[in-house]
Amino acid sequence: MEAVKQELKEKIISVLNLEDVNPEDIKDTDPLFGAGLGLDSIDALELIVMLDKDYGIKLLDPKEGKAIFESIETMAKYISENRTK
Amino acid sequence: MSKCYINGTGCISAQRTFDTVFLEAAEVNNQENVLTIKDPVYKNYISPGAIRRMGKGVKAGIVASSQAMQEAGLENVDAIITGTGMGCMEDSEKFLKAIIDNNESFLTPTSFIQSTHNTVGAQIALGLKCTGYNFTYVQNAVSFESSLLDASLQFASDEIENVLVGGIDETVEYTMSLFKLAGYIKTESEKPYQIFPAKSKGVVYGEGATFFLLENKITSSTYAELAGVEIINKLPIEEAEQKLNQFLAENNCRISDLDAVVLGYNGDIDDEIYFKNLAENCLKNITQLYYKHLSGAYHTASAFGLWIGAKIIHTQEIPAIVRANAIAKDQYNTILLYNHHKGRDHSFTLLKRCQSTT
């Protein structure tokens, strides 16, 4: 789980091109959207594609996204439980 | 042409043009066949949230337009008109590469959104919250001049009082490799590269973003009057002089009135013939200047040429680095720009000094 969290932080920084942000700057429970990292709806689409491409997870219900993308911790938990690759 | 004036400029180029007055730090790089822009600190102009999605052309366009507005003392504009020959190539390449790499799956939105030709104009408008006229011209080497013409039409129809007009193009690795294969860019074996006089085919490629704030009135920041613009897509070389005289006459001017001419010499021996045809004949007694050895050649490099023309009228100085001949004048009040690309898409642009600058 810890390895997934670290990997996720690195991927998010890279995929979303977050300048001046290091993995250690992102706390596991920080909100990804809104106040925390300040991600937006376009970033959400990027993350959905990343889940599919890198972990084989297809998010079919958009309502699920809100809970899954709440923080690094919630994302890592969902990936660990649902990944197919 | 309806009266309009250049009241602000901003230029991001292969030279340090964003924090200097007028090419005092310019130097010729004859070791590279693709010249890339010298970047300002973009974070000083664009929010971190927005900047992370922007390609270099978009960032450079936003900074150049911001500088032009700042010089003119305006916080918003009535219209934004941009010209680009190739558009936002960086994101276009990213998106196309993703299509191939991922076998047409897993396509993400960011590079697609940012890849369109009108991204620069759109991002400037978003930043300014400008809901006015917004148009982008993609017309090869006359993309920028098409934007200028549109701006003059907007003034003529009293639609606007001010407008941002810019030319933007960016270089990207894969496209440059294709241009090299096609022979558009000089080969490595020709180093050090020489632009004028040309010795071979091909150009030293470049990129840049140059913006002008045009207004329908003279202000304390006025550089020059944009007195005339004409685009001629096909112009046989033997008709060039006649067409030039016609253009000048339409703008109440003659060759003898010209104080300087800014020519688009690009280092390609075939393209040079068109410039030499005028330079060695009807323009032989006029101060001749060139600029693509500084900016590189690209579809909207003529905007860099216009920036040079406007700066000369404003400062009344000609940096030695842009001189193509030794003829000098006491004053530079009327400047003609002539450009073309591969014998097509010819353009004449006329600048005149006006009251506030005299």
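Keep in mind the model is a prediction, meaning the values are calculated, not measured. Throughout, protein chains are lettered first and strands after them, A, B, ... in sequence-line order, and every chain is numbered starting at 1. Side chains included, hydrogens not; waters and symmetry mates left out as well; all remaining heavy atoms used.
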Visitor: Can you confirm whether A:Asp20 sits close enough to B:Lys43 that some side-chain heavy atom of one is under 4.5 Å from a side-chain heavy atom of the other?
Guide: yes

Visitor: Does A:Asp43 pair with B:Arg53 as a salt bridge, N-O distance under 4.0 Å?
Guide: yes

Visitor: Grab the two heavy atoms, one from B:Leu107 and one from A:Val49, that are nearest each other, plus how far apart they are.
Guide: O-CG2, 3.9 Å

Visitor: Are more than 12 heavy atoms, taken from residues, nucleotides or ligands other than B:Glu75, located less than 6.0 Å from that residue's CD atom?
Guide: no

Visitor: First locate atom CD1 of A:Ile42, then atom CZ of B:Phe112, and finally report the distance between them rounded to the nearest 0.5 Å.
Guide: 12.0 Å

Visitor: Give, for atom NZ of A:Lys53 and atom CG of B:Asn102, the distance between the pair rounded to the nearest 0.5 Å.
Guide: 4.0 Å

Visitor: Tell me if the NZ atom of A:Lys77 is crowded by more than 12 foreign heavy atoms within 6.0 Å.
Guide: no

Visitor: Just how far is it from atom CG of A:Leu45 to atom CD1 of B:Ile113, taken to the nearest 0.5 Å?
Guide: 7.5 Å

Visitor: Can you tell me which portion of B:Pro48 sits under 4.5 Å from chain A's heavy atoms? Options are side chain, backbone, both or neither.
Guide: neither

Visitor: Give a yes or no on whether A:Glu24 atom CD has more than 12 heavy-atom contacts from other residues, nucleotides or ligands under 6.0 Å away.
Guide: yes

Visitor: What's the separation between atom OG1 in B:Thr108 and atom CG in A:Leu16, rounded to the nearest 0.5 Å?
Guide: 10.0 Å

Visitor: Is it true that atom CD of A:Glu7 has more than 12 heavy atoms of other residues, nucleotides or ligands lying nearer than 6.0 Å?
Guide: yes

Visitor: Taking atom OH of B:Tyr184 as the centre, does the number of heavy atoms from other residues, nucleotides or ligands within less than 6.0 Å exceed 12?
Guide: no

Visitor: More than 12 heavy atoms of other residues, nucleotides or ligands under 6.0 Å from NZ of B:Lys129: is that the case?
Guide: no

